[in-house]
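All values below come from the heavy atoms of this structure, side chains included, with hydrogens, waters and symmetry mates left out. This is a predicted model, so every value here is computed, not measured.
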Amino acid sequence: MVEQEGQQNQLNRSMKRRHLFMLSLGGVIGTGLFLNAGYTINQAGAGGALIGYLFGGIILYLVMVCLGELAVHMPVTGSFQTYASKFISPSAGFSLGWMYFIGSATTAGVEFTAAGILMKRWFPDISVWVWCAIFIALLFVLNALTTRGFAEAEYWFAGIKVVAVIFFIIIGVGTIFGIIPLQDRPAPFLENLAPTSLFPAGIAILFVTMMNVIFSYQGSELIGIAAGESEEPQKNIPRAIRNVLVRIIVFYLASIIILSAIFPSKELGLLESPFVTLMDLAGIPFAPDIMNFVILTAILSVGNSCIYASTRLLWAMAHDGMAPKPFGKLSRRKVPFTALVFTMIFSLLSLLTSVIAADTVFVLLMSIAGISVTISWIGIALSQFMFRRKYLQGGGKLEDLQYKVPFYPVIPLVCIVFCVSILIFLAFDPTQLVGLLVGLGFLIICYIFYYIKNKKKEQINPEPKTNTETKTL
């Protein structure tokens, strides 16, 4: 337990409610919205994108309420890795922990790649990988500061993103109804939303692009990871979950409708954010460059959140004996510095843009991250299912739970079925089949490795030592 290791190696509970809320909200509003939304519309059409993001929002709700019950009952930094270890099996916790770590750390590489793509607007002659390297160094320094400094920076970054999305929605609505004229595009913009234009590639493509949607919503689970460093988690976590769910779904669906109404699906892609393109067409002075800068800030803040999540998860795993011990050490600033350095290594994947096209690297890393988070969501739902069952079998009273999943066990089981279905559909897409096989193979290898290595130890003491006793409340 962390408490037995003394104050020298404990994370500080320095995150306030506003930090927790903005961290989880800001972790989702980034590349997934500003770049990936246009790519999803391009692939699945307006109708496919709307249905996909709505369905993804339902899955997100199922995951978040499951995580909420666990995080309020046991607010720890290890979050779902710890929950899986305690309520499923230590091998499952080890596998899911490393799976999510790889996905989250890789997502940071996606964000750096996207940031480099945006910089091409201002510096077309400088390679994307150069900007990736600069941003990696910048965020490394920021994450090496105190947790409070990181949380405060993320609070303001997330606030800027929220304001930018609201501004975009207002401008978008104005352009759709002709209040703000666009170049060479007559209003109102309803033709692209006609039934014949909703599914240009057919309905089946929706199931393939669901991985894009899951990737876009990745980051909401930061609420669980940050619980171990937040004040009054019993009060703040439920509030953050309710607020984040509503805002995420509204922001995404409103943006999808506006982009789909104004742009034919074939015009959208990855080479430039459609949010910036709309500002260009609207002719608002300085708006395109301001929006590009805001989106750049948004993308980097998501990368920042992913680095935070990865380092804290690695720190917790080190204290559970599931990662090398050096990853469990803290710097004088109470930051898992060794874990941070190791996490940043995965961000270097974005430097592949020096030899491979940036949009190709983006889609590759996005697929890896999406698959890992889908598997992690399955782990969260299964952990809650097992927790509630063991809690009641152990004599626990349902009314004593401060946050409860409604309609148990329907919600965790439906969540598992939905996530598994998405993974099954990926098997029919040649471009994502390799990533799926690699992800599942990595998960299985981790499980077998930990099971064999600790078989005797688990037989003697089936309850893993964790940094997660309720004494940390």
Inset, instruction - Can you tell me which residue pairs pass the salt bridge (charged side-chain N to carboxylate O under 4.0 Å, His left out) test with a partner in residues 52-72, sequence neighbours excluded? - result: Glu69-Arg388
Legend entry - With Phe167, the side-chain contact (heavy atoms from CB on, under 4.5 Å) member among Ile170, Val165, Ile171: Ile171
Legend entry - Residue list, ring pair (Phe, Tyr, Trp, His ring centres under 6.0 Å) with Tyr403, at least two apart or on another chain: none
Inset, instruction - Taking the six-membered ring for Trp and the single ring otherwise, decide whether the centroids of Phe275 and Phe34 are under 6.0 Å apart. - result: yes
Inset, instruction - Quick one: closest heavy-atom pair of Leu296 and Ala115, and the distance? - result: CD1-CB, 3.6 Å
Inset, instruction - Indicate the ring-plane relationship of Phe293 and Trp122, choosing parallel, tilted or perpendicular according to the 30° and 60° boundaries. - result: tilted
Inset, instruction - Answer with yes or no whether the side chains of Tyr53 and Ser216 bring together a donor and an acceptor at under 3.5 Å. - result: yes
Legend entry - Heavy-atom check, side chain of Val405 versus side chain of Pro412, under 4.5 Å: yes
Inset, instruction - Assign the ring pair Trp98 / Phe101 to parallel, tilted or perpendicular, where the plane angle (0 to 90°) is split at 30° and 60°. - result: perpendicular
Legend entry - Residues that Tyr408 engages under ring pair (Phe, Tyr, Trp, His ring centres under 6.0 Å), provided they are two or more places apart: Phe385
Legend entry - Criterion ring pair (Phe, Tyr, Trp, His ring centres under 6.0 Å) against Phe418, the qualifying member of Phe55, Trp377, Tyr61: Phe55
Legend entry - Pairing residues for Thr277 by the side-chain hydrogen bond (donor to acceptor under 3.5 Å, both in side chains) criterion, not counting sequence neighbours: Glu272
Inset, instruction - Starting from the C-alpha separation in whole Å, work towards a yes-or-no answer on side-chain contact (heavy atoms from CB on, under 4.5 Å) for Thr175 and Ile262. - result: CA-CA 8 Å; Thr175 57; Ile262 296 174; 3.2 Å; yes
Legend entry - Any residue meeting ring pair (Phe, Tyr, Trp, His ring centres under 6.0 Å) with Phe327, in chain and number order, not counting sequence neighbours: Phe342
Below 3.5 Å, can you tabulate the donor-acceptor pairs from side chains in residues 278-287 to any protein atom, sequence neighbours excluded?
unit_1 : atom_1 : unit_2 : atom_2 : d
Asp280 : OD1    : Arg121 : NH2    : 3.3
Asp280 : OD2    : Arg121 : NH1    : 3.2

Inset, instruction - Among Val294, Val163, Leu259, Val173, find the residue that satisfies the side-chain contact (heavy atoms from CB on, under 4.5 Å) test when tested with Phe168. - result: Leu259
